[in-house]
Amino acid sequence: MAWDFSTEPEFQEQLDWVEQFCREEIEPLDLVFPGAVRSRDPKVKALVDPLKQQVKDRGLWALFLDPELGGPGLGQLKLALINEILGRYGSAPAIFGTAAPDTGNMELLAAYGTEEQKERWLYPLMNQEIWSAYSMTEPQGGSDPDLFKTHAVRDGEEWVINGEKWFTSAGRAADILFVMCTNGIFIVPRTTPGVEIMDVPSTHNHIRYNDVRVPLDHLLGPEDGAKVLAQRRLGGGRIHHAMRTIAQCKRAFDMMCERALSRESHGKVIADHQMVQQAIADSYVEIQQLRLMVLWTAWTIDNSSTQAARTQIAACKFTCAKVLRDVSYRAMHMLGSLGTTNLTPLQAMWAGAPTMSVADGVDELHKVTVARNVLKGYKPHEGLWPTEYFPAKREAARKKFADVLASEPVLATYAERAERFAAR
Ligand SMILES: Cc1cc2nc3c(=O)[nH]c(=O)nc-3n(C[C@H](O)[C@H](O)[C@H](O)COP(=O)(O)OP(=O)(O)OC[C@H]3O[C@@H](n4cnc5c(N)ncnc54)[C@H](O)[C@@H]3O)c2cc1C
């Protein structure tokens with residue numbers, strides 16, 4: 001029997017260490033020095049770098065990469081169990097060397113980069129000596145690649161890129177931009193002449209690429225390979241987001257339960273009021289359902305491929321946003337007026353749920369993927385009636401018992417009565 005929901009004791013020890021390290025080291029850093037993890041100020045780095053070193057010493061740096069690329073090669077299932085912890089603490093993914101959007105970009109470099117490209121960009125990204133951004137979405141076309149216009153034209157020993165991108169996360173702070181053109185993905189240093197970053201939005205940037213020239217070796221993977229590379233990148237990213245969302249949901253749930261046991265109303269703690277119990281029970285089940293789906297998807301990727309788990313990844317993508325929305329809303333509600341302030345993480349969590357429904361492709365697209373792929377396992381019924389139409393099934397079943405029904409009048413009467421009863 002291969003189904004096993006237990007965690008090996010040695011790995012549980014790692015998980016316990018991660019939990020304690022995040023709670024005791026990362027959370028205080030986030031509360032006092034928010035954003036410290038991406039700072040280039042030597043004084044701030046002196047606070048952050050020793051934490052990264054502890055992660056490296058523990059063999060947990062760049063969790064998502066295979067050993068030959070410098071990661072521990074844990075696989076997706078173990079990564080899911082760790083991400084369930086990291087997702088609770090803002091800068092934990094970066095301190096473990098697994099922060100988006102760099103992770104997806106590193107995965108692309110690892111899979112499609114030449115040795116020279118890996119030397120130049122992958123290893124510095126892994127060591128967080130440089131940062132990157134992913135420039136795919138376009139203002140007129142969202143994330144539909146068939147509507148993209150950004151294009152690269154070869155001119156001698158250079159590619160010349162023209163186009164406009166929207167919502168490139170952390171583009172302004174990145175050293176290199178992975179730019180998805182209609183004819184390939186190109187790595188563009190941010191300071192290249194012609195890269196124009198608009199003032200707004202401030203975090204997720206609107207960028208114009210005006211006659212941006214890069215050498216030929218800045219094309220990543222094959223020419224015209226943009227769609228294939230983008231799919232690979234986004235598939236991994238989506239499931240990692242879902243893993244970290246479980247942490248957010250659990251955090252809201254913990255707050256909900258603590259409050260339920262702490263607050264009294266009308267002569268009893270609110271945990272004794274049935275509607276509060278319903279909120280807790282519904283939230284518990286929804287989080288567990290999401291968690292099982294995410295772990296099953298991670299297991300599927302480990303045992304086959306990201307491509308084989310496409311339907312599951314799409315299902316996790318839109319479900320995690322929904323569960324986060326519902327659970328954080330209930331938790332906020334249970335904290336009453338305090339829940340509506342920014343004095344706890346709940347309001348930001350709840351406000352973040354719609355963002356999650358849009359980022360990495362809108363939920364509608366993922367629902368379409370799930371429905372289309374699931375329907376491939378079905379075909380239309382033959383004739384007028386659905387397969388489960390009882391009269392037709394019963395008629396077929398009667399043929400199986402034809403001899404008995406002909407030779408045993410008592411059984412024939414039994415069957416006729418049952419049929420009349422069923423037809424009422
Ligand atoms: C926090 C965040 C970070 C992001 N980071 C990046 C990044 O680093 N790089 C990058 O390139 N992009 C990034 N994006 C952009 C993201 O990929 C797009 O927002 C997303 O793909 C949707 O595109 P859009 O915003 O133009 O929405 P639209 O495509 O305009 O969609 C708006 C609405 O229209 C409807 N709709 C659209 N298409 C369909 C459809 N096919 N079927 C049914 N209904 C549909 C849906 O209701 C949808 O919510 C990020 C987005 C967010 C929110």
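Below 30°, between 30° and 60°, or above 60°: for Phe96 and Phe21 the angle between ring planes is above 60°, a perpendicular geometry. Using bins of under 30°, 30° to 60° and over 60° for the plane-to-plane angle, the ring pair Phe167/His204 lands in the parallel bin.
Between Asp302 and Lys78, no side-chain nitrogen of the basic residue sits less than 4.0 Å from a carboxylate oxygen of the acidic one, so the salt-bridge criterion is not met. Here Arg40 pairs with Asp175 in a salt bridge; the nearest charged N to carboxylate O distance falls below 4.0 Å. Salt bridge Arg233/Glu107: absent, no basic N to carboxylate O contact under 4.0 Å. Salt bridge Glu19/Arg23: present, at least one basic N to carboxylate O contact under 4.0 Å. Using a cutoff of 4.0 Å between basic side-chain nitrogens and carboxylate oxygens, Arg120 and Glu129 are not scored as salt-bridged.
Summarising the geometry of Thr150 relative to Gly163, their closest heavy-atom pair is OG1-CA, 3.4 Å, with the distance given to 0.1 Å. The two atoms that bring Gly171 and Ile197 nearest to each other are O-CD1, 4.0 Å, heavy atoms only. Closest approach of His241 and Asp360 over heavy atoms only: CD2-OD2, 2.9 Å. A pairwise comparison of heavy atoms in Gly142 and Thr137 identifies O-CG2, 3.2 Å as the closest pair. Closest approach of Lys317 and Asp363 over heavy atoms only: NZ-OD1, 3.0 Å. Closest approach of Ala173 and Arg38 over heavy atoms only: CB-NH2, 4.5 Å.
Residues Gln231 and Arg310 are in side-chain contact: their nearest non-hydrogen atoms beyond the backbone lie under 4.5 Å apart. Contact check for Val48 versus Phe33: no side-chain heavy atoms found under the 4.5 Å cut-off. Residues Val160 and Arg154 have side chains not in contact (no heavy-atom distance under 4.5 Å, counting atoms from C-beta outward). Residues Ile82 and Met243 have side chains not in contact (no heavy-atom distance under 4.5 Å, counting atoms from C-beta outward). Counting only heavy atoms from C-beta outward, the side chains of Met255 and Thr344 approach each other to under 4.5 Å. The side-chain heavy atoms of Val212 and Pro193, taken from C-beta on, include no pair separated by under 4.5 Å. Annotation: side chain of Phe5 is in contact with side chain of Leu292 (closest heavy-atom distance under 4.5 Å). In this structure, the side chains of Val269 and Asp272 come closer than 4.5 Å at one or more pairs of heavy atoms.
Remark: Arg251 CZ to Ile246 CD1 distance equals 16.0 Å, nearest 0.5 Å. To the nearest 0.5 Å, atoms NE2 (His366) and SG (Cys316) are separated by 11.5 Å. With rounding to the nearest 0.5 angstrom, the CD1 atom of Ile176 is 12.5 Å from the OG atom of Ser135. Separating the CZ atom in Arg244 from the CD atom in Glu84 is a distance of 12.5 Å, to the nearest 0.5 Å. To the nearest 0.5 Å, atom CD of residue Gln117 and atom NE2 of residue His218 are 8.5 Å apart. Separation of atoms CG (Leu216) and CD (Glu157) is listed at 5.0 Å; rounding is to 0.5 Å.
Judged by the 6.0 Å and 45° rule, Lys118 forms no cation-pi pair with Tyr123. Under a cutoff of 6.0 Å and an axis angle of 45°, Arg325 and Trp350 do not form a cation-pi pair. Taking the centre and axis of the six-membered ring of Phe148, the NZ or CZ atom of Lys227 falls outside the cone set by 45° and 6.0 Å.
Using modelled atom types, one finds a donor on one side chain and an acceptor on the other under 3.5 Å when comparing Gln76 with His240. In this model, a donor atom of one side chain and an acceptor atom of the other lie less than 3.5 Å apart for Asp4 and Ser6. Gln248 and Arg88 form no side-chain donor-acceptor contact under 3.5 Å, judged by distance and modelled atom types alone. For the residue pair Gln53 / Asp49, no side-chain donor-acceptor distance below 3.5 Å is found, with atom types taken as modelled. No hydrogens or angles considered: a donor-acceptor pair under 3.5 Å links the side chains of Lys52 and Gln128. Defined by atom type and a distance below 3.5 Å, a donor-acceptor pair is present between the side-chain atoms of Asp16 and Gln12. In this structure, a donor-acceptor pair under 3.5 Å is present between the side chains of His206 and Glu164. For the residue pair Asn162 and Asp211, a side-chain donor N or O sits within less than 3.5 Å of a side-chain acceptor on the partner. A donor atom on one side chain and an acceptor atom on the other are found under 3.5 Å apart for Ser132 and Asp102.
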Can you check side chain to side chain contact (heavy atoms under 4.5 Å, CB included) on Ile280 and Cys257, steps first, answer last? CA-CA 7 Å; Ile280 291 170; Cys257 293; 4.2 Å; yes

Mind running side chain to side chain contact (heavy atoms under 4.5 Å, CB included) on Val188 and Val195 for me, showing each step along the way? CA-CA 9 Å; Val188 177; Val195 175; 3.9 Å; yes

What's the verdict on side chain to side chain contact (heavy atoms under 4.5 Å, CB included) for Asp217 and Glu116, showing C-alpha distance, side-chain angles and the deciding distance? CA-CA 9 Å; Asp217 63 3; Glu116 206 198 326; 3.8 Å; yes

Evaluation steps, side chain to side chain contact (heavy atoms under 4.5 Å, CB included), between Val18 and Leu15: CA-CA 5 Å; Val18 172; Leu15 294 174; 5.6 Å; no

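More than 12 heavy atoms of other residues, nucleotides or ligands sit less than 6.0 Å from atom CD of Glu24. Atom CD of Glu382 has 12 or fewer heavy atoms from other residues, nucleotides or ligands within 6.0 Å. Few gaps surround CD on Gln288; more than 12 heavy atoms of other groups in view lie less than 6.0 Å from it. Crowding of Asp199 atom CG: a count of heavy atoms from other residues, nucleotides or ligands under 6.0 Å not exceeding 12. Within a 6.0 Å sphere centred on CD of Glu395, other residues, nucleotides and ligands contribute 12 heavy atoms or fewer. No more than 12 heavy atoms of other residues, nucleotides or ligands lie within 6.0 Å of OH in Tyr284, so this atom counts as exposed by the packing criterion. The number of heavy-atom neighbours closer than 6.0 Å to CZ of Arg372, taken from other residues, nucleotides and ligands shown, is 12 or below.
For the salt bridge (charged side-chain N to carboxylate O under 4.0 Å, His left out) with Glu286, the qualifying choice from Lys250, Lys322, Arg330 is Arg330, the only one to do so. Just one residue in the list Asn373, Thr300, Thr297, Thr369 forms a side-chain hydrogen bond (donor to acceptor under 3.5 Å, both in side chains) with Thr311, and that residue is Asn373.
Checking side-chain atoms of Trp61 against main-chain N and O of Asn127 turns up no donor-acceptor pair under 3.5 Å. Here the side chain of Glu138 pairs no donor or acceptor atom with the backbone of Ser143 at under 3.5 angstrom. Side-chain atoms of Asn205 never come within 3.5 Å of backbone atoms of Ile207 as a donor-acceptor pair (strictly under, hydrogens ignored). In this structure, Arg190 contributes its side chain and Ala174 its backbone to a donor-acceptor pair below 3.5 Å.
Checked against the 6.0 Å centroid criterion, the rings of Trp159 and His151 do not qualify as a close aromatic pair.
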